[in-house]
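A short worksheet on the structure shown next.
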Amino acid sequence: MKLVIPPLIYMLLFPGGLGLIMTGLLYEWVHRKLVARLQNRIGPRWFQPMADALKLLLKEEIIPSEVNPYLFVGLPVAGIAGVLTAGLYVPLWGFPAAYSFDGDLIVTLYLLSLLTLSTGLAGWNTRSRFSLVGATRTLTQLFAYEAPFMMALLGPALAVGSWRMNDIIAGNQGTWLMFTQPIGFIVAVIGLMGKLEMPPFDAPEAETEIVAGALTDYSGRGLVLFHIGRTTEMLVGLTMIAALYMGGINGPLDFVIKTLPVLLLISGFQTLITRLRIDQTVGLWWRYGALLVLLQWVVLIVLKGIS
Amino acid sequence: MVATAPAPKPVNAELLADVEPRFVKVREFLEPIASRCTVAPGFNSPEPNRIDVNIEAGDLLTAASAFYDNHWGYLAAITGLDHGPEEDYLEALYHFCGGAAVTTLRVKLPRHGGSVPSIAERIPAAGFFEREFAEMFGVYPTGLQDCSHLFLPEDWPDGLYPLLKDTEIPSPKTIASMDGLDKPIVDQGGGRFIVPIGPQHPALKEPGHFEFTVEGEIVVGASMRLGYVHRGLEKATESRNYIQNLYLLERVCGICSHTHASAYSNAVEQLAGVEVPLRAQAIREIVAGLERIHSHLLWLGVAAHEAGFDTLFMYSWRDRETVMDLLEQITGNRVNYSICLLGGVKQDVNYAQADALRAGLDYLEQRSRHYYEVVTTDSMFLQRTRDIGTMSLAQAEYLGALGPTARASGVVRDVRVEAPYGAYRRFPVSVVMDTAGDLEARFKVRLKELFVSCSAIRTILDNLPDTELTTRMPRRVPAGETVSRVEAPRGEAFYFVKSNGTDMPERVKVRTPSLCNWTSVLNQAIGRQLADVPLLIAGMDPCFSCNDRMVVVRDNSMHHGVRSASSKGDAHHTEIWTWEKLRQYGIDFYRRGGNK
Amino acid sequence: MKIGTMLSDVVRSFLDKPATQVYPAVRTETPERLRGKVKWDPSRCSGCQLCVKDCPSGALELITLDRANKRFLMLYRMDCCTYCAQCVHSCRSKCFEMDSEDWEMAALDRLSFAQYYGKEADVDVYLEQVGHPDAEKPGVD
Amino acid sequence: MTQLSERWKEVIGKVKTWAFTNSIYVVHFNSGSCNGCDIEILATLTPRYDAERLGVKLIGSPRHADVLICTGPVSLQARERLLRTYQQMPDPKFVVVVGSCGVQGGVFDGCYNVMGGVDTVIPVNAYIPGCPPRPEAIIDGIVKLLGSLRSPAKAVPVLNPEGKVS
């Protein structure tokens, strides 16, 4: 009996499902409040994201007629499932990760991009013109930032020589890789902004061009699942960057101290930049993002070779 | 009881000096055409700055192209004038404006079944005016490619021409009930991938329906359907007295409300021969300057929002609140100021308000300098604006662009300088120009105009003439016709008012600036990315409620050397749709893809 | 290659107070020329109907109970009114003035927008005549 | 058992009202207005009035929206698109009309291409007269609508297509 309960609680309540979602929503509130304060506004109250999510859950869901209903309903669930499972391999709230196996860093990154894939497919599934354009943009942008973002996160793994998250954290316990591998850190942070489709890279859901991108036709439950998936992805991404680049997390307070500055960096950067067109983003990523990360890797390998 | 004719107006020398040489030139190249006219040949000049010429319908194209060949100004508007069932004739007035002079070609037409040769081949901007003329008066332009409804809704009963004097129009609810919308769905076949923007769309503050045919992300065809904000104002002015019309016409457009109010009151004051006291004219110019500042700051925010730069939107609108507070203190309302009265101004600017104005303007000038620096140096913003939607000087003249959009391409056209009205003679304003012609130049021109407005208001405040605020204005305006041109924040607003001695005008024609800028915007959209389109539309600062026009720009229809994506005339893979098909596709797309 | 041109604004606004006025809680005073709801003074009215003729949106309707000793009522339609103050200027005996405090006129139904101005007794008499005595009489002074 | 489900239903009702009155997604439709009211609606989102502190968020698609803010005296052309936008909004949905034009046609009442008020086409929950109403008056209208949602004694909007108030 003892064995059964903790993993269930792990899974559903504390670091897993509900805990992850609530923390994600809290982090989304911090993000919206920061953006508002930087724009000289008061910004939303602390329970705003929860109220939004709850209201969307209680609203009626319209399923357009010529849409494959199973895909329409299933894709949001697949997206959020991917992100929630990614939450299991990441040291949330400073506690050691629930599960870890060799190569779990790669699996987490794959699970995170599962949400973007399901958003793209959801956009492709409807007849609304805006969703089709939004879907193509989401997928093109996925190929742009995915490779540099993954290579940036594999930098610390290279330094330690293993793909297991716990080993990497243990290996780099003392040093802050943020300063020893600065280029990798910058590309990782900007890659996270690309993955979360934040303003410089929010062409896929550019409100003034294609209304709401791939999610134009979603309402109620489907919309809230995608929205919660996006906020949880932000939380998971922040924890990964903090864990890998800031010398591991060893306690809830340390977790908050390390993730909030990164969130401040992201919000600040977001308010300073105009939205890039989709071709400009792809150009930016492949011309600068990939080259910078390769440069970082070369430096790493040369240093490892010497020592 | 018809009022007597007004006393002869005092003719100021400055106006004559500018107008005289232009009329000599007009008489010289129009003489052969005018003499051929059978009805009443010859030139007559009802007002010092206006000349009327009666010509035959047949010579219209030659006369119009004569104007452009001799580089004599541009076609400002086409006014339809119905002289009523008794005299049984209709008149089409083609107004050409050059500097301060206005030449009107008058063509007499039968009231029913008349037709006019189209001059849209030579002057693309005329395509709009002819479509409106056809729709409102039933005089169809021969040779115009596409003249389906411009303003009126699709389900408007055929053969019902609203602006003819003797048509009685059923109430809107009956028209709505005989709605012919459930036509069979036309299968649109292959054709291109159409992205509809509007009428309900976050990029548009106002309803307009754009359909961009795209290949991947590149726009290859653009068409636009407005008409959502058409309320039938010109017909309504004929059933209201002069004082009520002032407030009706002030609400043609919320952002440039003072422009329309002052243009209309200038026209009525010219007709009544009333001279507005100097202080009232100066206060009108102050409010016009404040309106220009508020309109340009608003535009800066909306354009930045559409480019995705929300911080600039938030900050520019926060600073715009200063000018809105000033307007509210002086006039009593933030948007529709209603400070104009026929023959003067309602509110005065006392010393306290003058100091508040000076303080507010200093703050605004300092902030506008900062925005100017942001807009011209921020490299991420420049990626969205530099050499995008470039329009050369020749194109701007050819397409008839007006206001800051034209001045950004080097066209010197500003009514406040060319034909100064009201207080602009005593407190002149300088023209702001740029030659690059791209979106960045339009940002620069509008922001520089902020500085000009700030300094103009300061000079007026320093030497505000102190006379009383209003003069006596007769309720019945003596019969006559007049033209009044005013520089709105978006370009020149053109008013034609005809009075018949009673207290209700016989005809009020409003041609608003955004109307002339539409072709240029849609032309720039072709060949650009879809992502640039909202910024291009915002670039010309469209004011839909100012006008309601529809233009169809197919990729090979606008040949005439105007840049278009595919080469002239080749329709190798594009399957060209008629407008009917596109419109039907738009409607049934909504019905099928829309609700459950 | 400048990136953060708005950096100075963003940092300054991050440090000091936001520029928001918390409206429902804190009400800032409005300029005294603000054109809010129209107020009508029945005692001075001479029944010339100039205001009704000049109102661009037909929001005013003068009801003459008894022309001899100047007993008039004014039906003011708040929802038709465009707040242009033309009635204030047209009226020669200065009966109208625009209230600069009363501009919060939102309501959940349209019935509350029609208001009768005039003496209490006159309004009751008129309402009986018109036949629905219980119509509420807001705005009667 | 029924007494439990009764209390349960009441709790759900309370939670639902809390959620709906604290998070309002607004979509804006201009059915023929002179855009005076539209710029005042946009002004409520800017730093000085900041509707986001009340939970109001302007979004693009009617599919995500709860409240339709409508301006303008429904022109004939915009009538059918207004109806269609209203139909696409998921329940429970509310309509707020801003400006005298939307309430009763304002200065355009009687023009040949204008239907008059918005409530000749769709049921309306809150009216904000004014030409244009100040941004604070718009926020006051929204606060009154939310207040009426919190207390169930809200006036049911009556759709009276025929003209003036009797």
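Reckoned from all heavy atoms, side chains included, excluding hydrogens, waters and symmetry mates. To find a chain, count down the sequence lines: A is the first, B the second, and so on, and within it residues start at 1.
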I'd like to know which of D:Val143, D:Ile128, D:Asp50, D:Asp140 tops the heavy-atom pair count under 4.5 Å against chain C.
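Winner by heavy-atom pair count: D:Asp140.
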By a 4.5 Å heavy-atom criterion (distance strictly below it), what part of [X] contacts chain D: side chain, backbone, both, or neither?
| X | result |
| --- | --- |
| C:Ser13 | neither |
| C:Cys84 | neither |
| C:Pro56 | both |

Should [X] and [Y] count as side-chain neighbours, where that means a heavy-atom distance under 4.5 Å?
| X | Y | answer |
| --- | --- | --- |
| D:Cys131 | C:Arg35 | no |
| D:Pro129 | C:Tyr83 | yes |
| D:Arg134 | C:Thr30 | yes |

Which distance, rounded to the nearest 0.5 Å, do you find between the [atom1] of [X] and the [atom2] of [Y]?
| X | Y | atom1 | atom2 | answer |
| --- | --- | --- | --- | --- |
| D:Glu136 | C:Arg27 | CD | CZ | 8.5 Å |
| D:Asn125 | C:Leu108 | CG | CG | 8.0 Å |
| C:Tyr23 | D:Thr44 | OH | OG1 | 13.0 Å |

Within the distance-only criterion (no hydrogens, no angle test), does the side chain of C:Thr20 pair as donor or acceptor with the backbone N or O of D:Pro47 below 3.5 angstrom?
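Indeed, once roles are kept as given, a pair shorter than 3.5 Å links the two residues.
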Between [X] and [Y], what is the shortest heavy-atom contact and its length?
| X | Y | value |
| --- | --- | --- |
| C:Gln21 | D:Arg53 | O-NH2, 3.3 Å |
| C:Cys80 | D:Ser100 | O-CB, 4.4 Å |
| D:Gly106 | C:Ser57 | O-CB, 3.7 Å |

Side chain to side chain contact (heavy atoms under 4.5 Å, CB included) partner of D:Val103, the single match among C:Met105, C:Arg110, C:Met78
C:Arg110
Let's go through C:Asp79 and D:Tyr127 carefully: what are the C-alpha distance in whole Å and the side-chain angles of both, what is the deciding distance for side-chain contact (heavy atoms from CB on, under 4.5 Å) to 0.1 Å, and is it a yes or a no?
CA-CA 9 Å; C:Asp79 49 358; D:Tyr127 300 90; over 6 Å; no
Is it the case that atom NZ in C:Lys94 sees more than 12 heavy atoms from other parts of the structure closer than 6.0 Å?
yes
Looking only at heavy atoms and a cut-off of under 4.5 Å, which of C:Thr82, C:Leu34, C:Thr28 has the most pairs with chain D?
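Among the listed options, the one with the most contacts to chain D is C:Thr82.
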With sequence neighbours left out, what residues match C:Asp9 under side-chain hydrogen bond (donor to acceptor under 3.5 Å, both in side chains)?
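Per chain and number, C:Asp9 pairs via side-chain hydrogen bond (donor to acceptor under 3.5 Å, both in side chains) with B:Arg367, B:His370.
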